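Accompanying notes for the structure given below.
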Amino acid sequence: MMGNNTLDRWFSCRPAAGVGRVALAEVPQLPYPAFAADMRALLGSVSGGADFSESNRCVAYFAVPDAATGGLSFYALVARDAEGDVLVAGHALDYYHEGFLESLSRDIPVLHVFEREITELYGVHFDGQPWDKPLRYSYNRHHRDDSMDTYPFYTIDSRDLHEVHVGPVHAGIIEPGAFRFLCDGERIVHLEIALGYQHRGIESLIAGTSHRLRQAVLGESIAGDTVLGHGIAMAGILESGAPEGWRGCDVIRCERAVALEMERLAVHIGDTAALCMDMAYQTGHVACEALRTLVINAMQQWCGNRFGKGLVRPFGANYRLTLERAKHIESTLTEVIGRYRTVGRDLLSTPSVLARLEGICPVTRGQALRVGAVGPSARMAGVRRDARCAFNFYPLEGFEPVVVDAEAERGNGDLLSRLKMRLREAEVSYAMIVAGCKELAGKWFEGYPAPDYSRALAGESLVFSLAEGWRGEICHAALTDGAGEVAAYKVYDPSLHNWTMLALSVRGAQISDFPVSNKSFNLSYCGHDL
Amino acid sequence: MLLTSIKVLMQHGTQYIRHLDRVKLCDEFRGRPVLRSAGLTAAAGAELCGLCPTGAISFGPGLTLDMGKCLFCGECAVRFPEQVRFTNEYRLASPTREGLVVTEGQAAGEWNFDYSAVRPEIGRMFRRSLHLREVSAGGDNSCEMELGAAGNVNFDMGRYGIEFTASPRHADGVVVTGPVTANMARELESTWQAVPEPKVLIAVGVDAISGGLFADSPAVNREFFEVHKPDLYVPGNPAHPMTFITGVRALIGCRTGVPAAAEDRETGE
Ligand code: SF4
């Protein structure tokens, strides 16, 4: 077994307010076997079983072409909650390298998305990669003649099983993605999810411009339902040029925290509505829909946009949360949370609702750790993961993440846990918003900085930024050139990991359970496809 | 339990907006812009045009702002408050692409829907019922959610017979959101082909109208819009449900935005 001390060769970075930067010269370049051994020590299971680390997770692993050598440079970031740091290291692949790198996905399934992306972009094959399929058919993929139409779906040649294909265009007003079920009658044996239809090339667009405002609005467009989560993550990168990261203004940081929690609250209420709709519980559906409207309208009164577009800007902001606006938000949300609580009580005391949720579409804690679930998708299965704990950019006193505990709650990981998760996280968000508004009220006389679009990023660095969006941990990473401009930009939406959770949840379930489970996760297509 | 359910219903009360025609959005909402170039030097004008992330503003002679490209990020109005001001007028839709270009001369903030540009059969066929199929082709899910909201308990556009339907075979038209990614181009075209004639095409949101931030992305393929011309453009980022509802109602021939007497009865007023 690998001793922990070999990790000394990794660069340990303590992110300030979720943002960390490492000078490129300081990123340790390891030989691949050493890199692989360390990754196993950090992320692999100790016994070869299901005991993957709860605290450690790979938040980014990517490759960029090295212009000087014609080869590839790889970078990996591993966040550790227990130590409160992020480990950084890299390895390089020579243009003339013969043979293939050994795949780590078999031992560390979390890494399959990262390895698949690298294979798709550069044609670098990983030896023994168990699921060597294109991730999103990006426009700059290595094999241009592969297309969405040739996606290699998993099939079984059997007289007893049949296949059901849904999508990419779905029956509702939702984004495109293809789902293929292998079924035994009505029972789902396996679900495969093929994505990529939403690919807009957003990473290249961000790297391709030095127009800061354009970069900021591109960040807001990564996923239009997570404007604040991605906007804040991106702002962290754009502000990295300031000495020691930008910690200049408490008012802005506190406002961002309030906005982020408002987004979480709105979506959780909206998701409760959607869940009710899919189990045909009309009362809960319409009640929650109306409540969500109140929250996003309060957001509109703050910044002119119901989704918070325009709110987060580098080094400052254009729309101050004035006393009057804060008061309006507080009183609206107090009304909303009261009514939402009643809906929650109603749902949890209605037998027909419980019967539709209890024990349906479960995912175990072991599975969640294995596939690297983050955010509510992990916490509902009992995994304590929340970027707000370790890397919160504005820690509010005594924050504790909501985790659905198997013993105390008599089970977890099923549809009911996903509902409970929402009900309880909404309460936490509400408390944080109220606390944030109070805090801001005490700072109304402080100066309010305007956005600054002229500053360079940290030069010649690897910069990363972590934020807990409502779907989970968002990671943005950038490599910068000597002038402090973005040379390469990477975006990791929590959905990248969590889509596998959805696929696992419906194994053994009925096809008719799928829409409900899909709503209960509510994952992002465009956030995955970029 | 029954008592809790009753409580939920009581608290819920009446949620639908009674008079959709009289809705006024809050002042912070960024709707139709008003422009003024008086006193703008050439250098400041160039700065104003250059700050816009999508190049929606042009200067000389006079200022123009193309709402088909505008993200309504509001930055121009913050930096040049004398030149650009966003009103809370949410009625922005237009049956022509040119109708989205705001110039200085226009009566400040007024909606100028060009009814004569609408194909006459649209009003004749769909005035009382219009069923639409939505295709998201690279949309970021904000426009999609606002379209969903247009039919929710608050806005309830179903009262006018405007609804979204699950199958293109049941639809009278297609609503497109998103810049049309290369990976969705074929699916969008086949959905459009699957809708029987006569049919309408509606582009919702800046991405669909002009490509927005993604206009020059190599991952986008806008051939669909080169071949098919939308009957209605609904600007916004995302388009507000009210922008969509007023636009579609104008498209199907509700002239003034104020309901006729007969329609009053239909809505139970
Ligand atoms: S509000 Fe519109 S016109 Fe003004 S800067 Fe933003 S995108 Fe450009």
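All of these numbers come straight from a predicted model, not from anything done at the bench. Naming: A, B, ... by sequence-line order, numbering from 1 per chain. Quick note: numbers below take in every heavy atom, side chains included, and nothing from hydrogens, waters or symmetry partners.
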Proximal component of [X], with respect to chain B [non-hydrogen, under 4.5 Å]:
| X | answer |
| --- | --- |
| His211(A) | side chain |
| Tyr137(A) | both |
| Tyr525(A) | neither |
| Tyr281(A) | side chain |
| Arg325(A) | side chain |
| Ile173(A) | both |
| Asp149(A) | side chain |
| Arg339(A) | both |
| Arg136(A) | backbone |
| Asp225(A) | both |
| Leu311(A) | neither |
| His285(A) | neither |

Q) Does the side chain of Ser136(B) reach to within under 4.5 Å of the side chain of Glu134(B), using non-hydrogen atoms? A) yes

Any donor-acceptor pair under 3.5 Å linking the side-chain atoms of [Y] with those of [X]?
| X | Y | result |
| --- | --- | --- |
| Glu189(B) | His228(B) | yes |
| Thr272(A) | Tyr340(A) | yes |
| Asn297(A) | Arg306(A) | yes |
| Glu75(B) | Tyr453(A) | yes |
| Ser5(B) | Asp346(A) | yes |
| Thr181(B) | Asn183(B) | no |
| Gln301(A) | His328(A) | yes |
| Asn305(A) | Gln300(A) | no |
| Thr226(A) | Arg471(A) | yes |

Does any backbone or side-chain atom of [X] lie under 4.5 Å from a heavy atom of chain A? Answer side chain, backbone, both or neither.
| X | answer |
| --- | --- |
| Phe29(B) | both |
| Asn152(B) | both |
| Pro179(B) | side chain |
| Thr177(B) | neither |
| Ala137(B) | backbone |
| Ser167(B) | neither |
| Leu71(B) | side chain |
| Val78(B) | side chain |
| Asn237(B) | both |
| Cys52(B) | backbone |

Counting heavy-atom pairs under 4.5 Å with chain A, which one of [options] comes out on top?
| options | answer |
| --- | --- |
| Gly212(B), Ser190(B), Gly74(B), Ser217(B) | Ser217(B) |
| Gly139(B), Ala182(B), Cys73(B) | Gly139(B) |
| Lys7(B), Glu144(B), Met145(B), Gln11(B) | Gln11(B) |
| Leu147(B), Leu51(B), Leu9(B) | Leu51(B) |

Q | Flag, side chain of Glu187(B) to backbone of Pro168(A), donor-acceptor distance under 3.5 Å | A | no

Q.
Please check: side-chain N/O of Thr87(B) versus main-chain N/O of Gly31(B), any donor-acceptor pairing under 3.5 Å?
A. no

Q: Might you confirm whether atom CD of Gln193(B) has over 12 heavy atoms from other residues, nucleotides or ligands at distances under 6.0 Å?
A: yes

Q.
Could you check whether atom CZ of Arg144(A) has more than 12 heavy atoms from other residues, nucleotides or ligands sitting under 6.0 Å from it?
A. yes

Q.
Is the distance from the ring center of Phe244(B) to that of His240(B) below 6.0 Å?
A. no

